[in-house]
Amino acid sequence: MKTRRKPAAARRRKSVPERARVLALDEQCTIARAGEVRSRLVRLLEHAAPVTIDAGRVERVDTACLQLLTAFVRDRRSAGREVTWRAPTAAFLESVTLLGLGSLLGTSA
Amino acid sequence: MTLDLTQFHAAFFEESFEALDSMESALLKLDLGAPESELINTIFRVAHSIKGGSATFGFSDIASFTHSVETLLDELRGNRLQVTQAMSDVLLKSVDATRDMLRAVQNKQPADAQRVADIQFDLEMILAQRPTTPAFAPAAIATTAPPSAPARRWRIVFKPFRELFERGNDPLRILRELAGLGTLDVRTDIDALPPLASIDPSSCYFEWQLELHSAATEAEVREVFDWAEGDCELSIEILDAPPSVPPLQAAAAPAPAAVAAKAADGAVLGGLTPTEAQAASGVGETGSIRVNVEKIDELMNTVGELVITQSMLSQLGRSFEGPAAEQLRQGLAQLERNMRELQESVMRVRMLPISFVFSRFPRMVRDLAQRLGKQIDLTLTGEGTELDKTVLEKIGDPLVHLVRNSIDHGIERPETRLAAGKPAAGSLRLNACHRGGNIAVEVSDDGGGLDSARILAKARSRGLVGPDEQLADSQIYDLIFLPGFSTAEQTTDVSGRGVGLDVVLRNVKELGGKIEVTSEQGTGARFVITLPLTLAIVDGQSIAVGRQNYIVPLVSIIESLQIRQGSLNRIAGRGEVFAFRGEYVPVIRLHDLFGIESRTQEVEEGLIVIVEGDGRRVGLFVDDLLGQQQVVIKSLETNYGHVDGVSGATILGDGSVALILDLPGIIRRAGTRANA
């Protein structure tokens, strides 16, 4: 499974060498934005360098978005790719913990 | 057999809107810190009944939202949270949001989901601050349960259906509430979660196995899942019996009690027991029934017909001779009295207290004052004053404008007030009372008053008033009702765009009313709107033109006079004018306007009726004045069609039809004709 077929969006950025990327989550990370969140995550799914998810602005996250993040982390880790978290807000952590996803997302120390 | 629930929608909406109104007024009465428990109960009941109804009817968004509201209120009820300013703000916003959502469902339009989500988030933030806030510990949340009841361990298997999200439910909320009941251990099953690329973002793939250590009763635990019912598979069972079981409870709840809740069968979904539903819907006054307005209008119409028949009989009775004639006339007089009483009673049925309109002001004033940084004490008096429903519906907007105007332009900021030796909080008064056949509604404030010098200067700069023209104060105040006139130095989003007062005046005039302004600079302003009590009956003056009779609403008549030959002046291309008390008034010959043959063309043989409409005066040239009488207005538009210059029709005592003149329309028409 080492074929490097990148999605169109990634191909366009060909000139930039593959390096660590940061995905910043919006303040409102809810079902209303879930479609958008999904496409942003899908674009980074096969990014070879580490991906950092910045949850420093999240004021609210719901189950729909946490499902997507869970799938992203799970899919990347199973392919041996790294995901790290940056500065998750208390609101984000509370939701993750409440849903019992702490260990899964690797946000709990 | 399935029950068609849509037949109950209308009643549900109506009751919910009323309930929300009472919730709003209770919220406004709520004292911060130490609220009255009865008020909190009232507020709680409203949220609870709307939640229950919405769930029953499948309005899951509303059910979910009101559930959050209810949860917060329950905390208040249990004294676990204190009422703060922020909280009462959020609760008021929740009232608005619920109202909007109901309206959206009613009109089958989408609601503003983002706004609702925002408010719901705020609610949850407040809830998160309660003393039993779950501490962050990986997958186990410890809370202190009330020490009184023994804690039990519950196993909950919660398997949402895929469409759970689409119903507006978020499992996070459920888990958060469960965590509020005690210690919650969460195990999330993500096996069903497909690869990211094939996930449907609006489907729920997670499933949960929960263990709750709590003293809550089964009903309390189950209640948490109340609104997800039908959208999930749920089993709740007790894992072990509590260490010391009170005998009563042991008998009542034999463990293990596993109940599968895969219910989707309508009517009881909301969790409302009949008594609760009854208590919650009992918002209206006792001893009153809900009657469709159409039925009342029908009754009103029939009474109108009766009045006409009665006056025909009376007229006929006068021509009778003979021994029984006197008796007949007595009987007819009795009939007339009874008729009048009947008519008044029926009209009273349509009358509603003005509190229906006034009730929106406490909230509005509070919000506006907050936004503008002003302190305002609002006093409402005469709320029980009754007026016709139609008038009531139309008076709301003008009053809102006037109140806004007072808050924005009238009442000063606290520091300005203190400097002027007034109390920091401005006083705004709304009063309603009956005056003869009219209702007077008064909006007064103790603010800066109208600055007549500034108004006059502004009017001069706009060319509305000549540079040397001297005006009395009352004339100056009337200037503020001109379109596009605003003296506010800065336009705000509250008022000051120059739309408003002219609209107020127009609306009031359309209702056949007027506005008086009195003001004293530095001490305040007072606006008095006078309106007829009803639009169904008008005091009219019958006039004759040729062989036709017309009715002119009495309120519009200023004066009627006979004039001499030669006192009409013809202005080239602009028709005739006539000098009346120092101003030239255009003359409209009604026979020309309606294209009928008049008895006379000579001015000295007829009469000029000076009328006012749309802010202008004209003289109507008519053949003769007949009697004055109350006439029942019949709509021409519903029974026939629109006729220019005519606002309606009535049937006179002799059975003939008389048209009621639409003076503003006639004046506008005359104006365009003259300018053409």
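In what follows, chains are A, B, ... by sequence order, proteins preceding strands, each numbered from 1.
- Using modelled atom types, one side-chain atom of A:R38 and one backbone atom of B:A197 make a donor-acceptor pair closer than 3.5 Å.
- Between A:L98 and B:V186, the closest heavy-atom pair is O-CG2, 3.3 Å.
- Interatomic distance, B:E124 CD to A:S95 OG, rounded to the nearest 0.5 Å: 9.0 Å.
- Checking side-chain atoms of A:Q67 against main-chain N and O of B:F206 turns up a donor-acceptor pair under 3.5 Å.
- Of the listed residues B:L172, B:D200, B:T188, the one with more heavy-atom pairs under 4.5 angstrom with chain A than any other is B:L172.
- Nearest heavy-atom pair across B:P201 and A:A34 is CB-CB, 3.6 Å.
- Taking CG from A:L66 and CG from B:D170, the interatomic distance works out to 8.5 Å, rounded to the nearest 0.5 Å.
- Nearest heavy atom pair, residue A:R74 against residue B:P194, reads NH2-O, 2.9 Å.
- A:D75 places no side-chain N or O within donor-acceptor distance of the main-chain N or O of B:P195, the cut-off being under 3.5 Å.
- Of the residues considered (A:L99, A:I31, A:T30), A:L99 shows the highest number of contacts with chain B, using heavy-atom pairs under 4.5 Å.
- A:L45 touches chain B through its side chain: at least one heavy atom from C-beta onward sits under 4.5 Å away, while N, CA, C and O do not.
- Atom CZ of B:R99 is surrounded by more than 12 heavy atoms from other residues, nucleotides or ligands within 6.0 Å.
- The distance from atom OG1 of A:T97 to atom CG of B:L184, rounded to the nearest 0.5 Å, is 12.0 Å.
- Residue contact with chain B, scored on non-hydrogen atoms closer than 4.5 Å, involves the side chain of A:A32 exclusively.
- Using a 4.5 Å heavy-atom cut-off against chain B, the contacting residues of residues 53-61 of chain A are A:E59, A:R60, A:V61.
- Taken from OG1 in A:T63 to CH2 in B:W208, the straight-line distance is 5.0 Å, to the nearest 0.5 Å.
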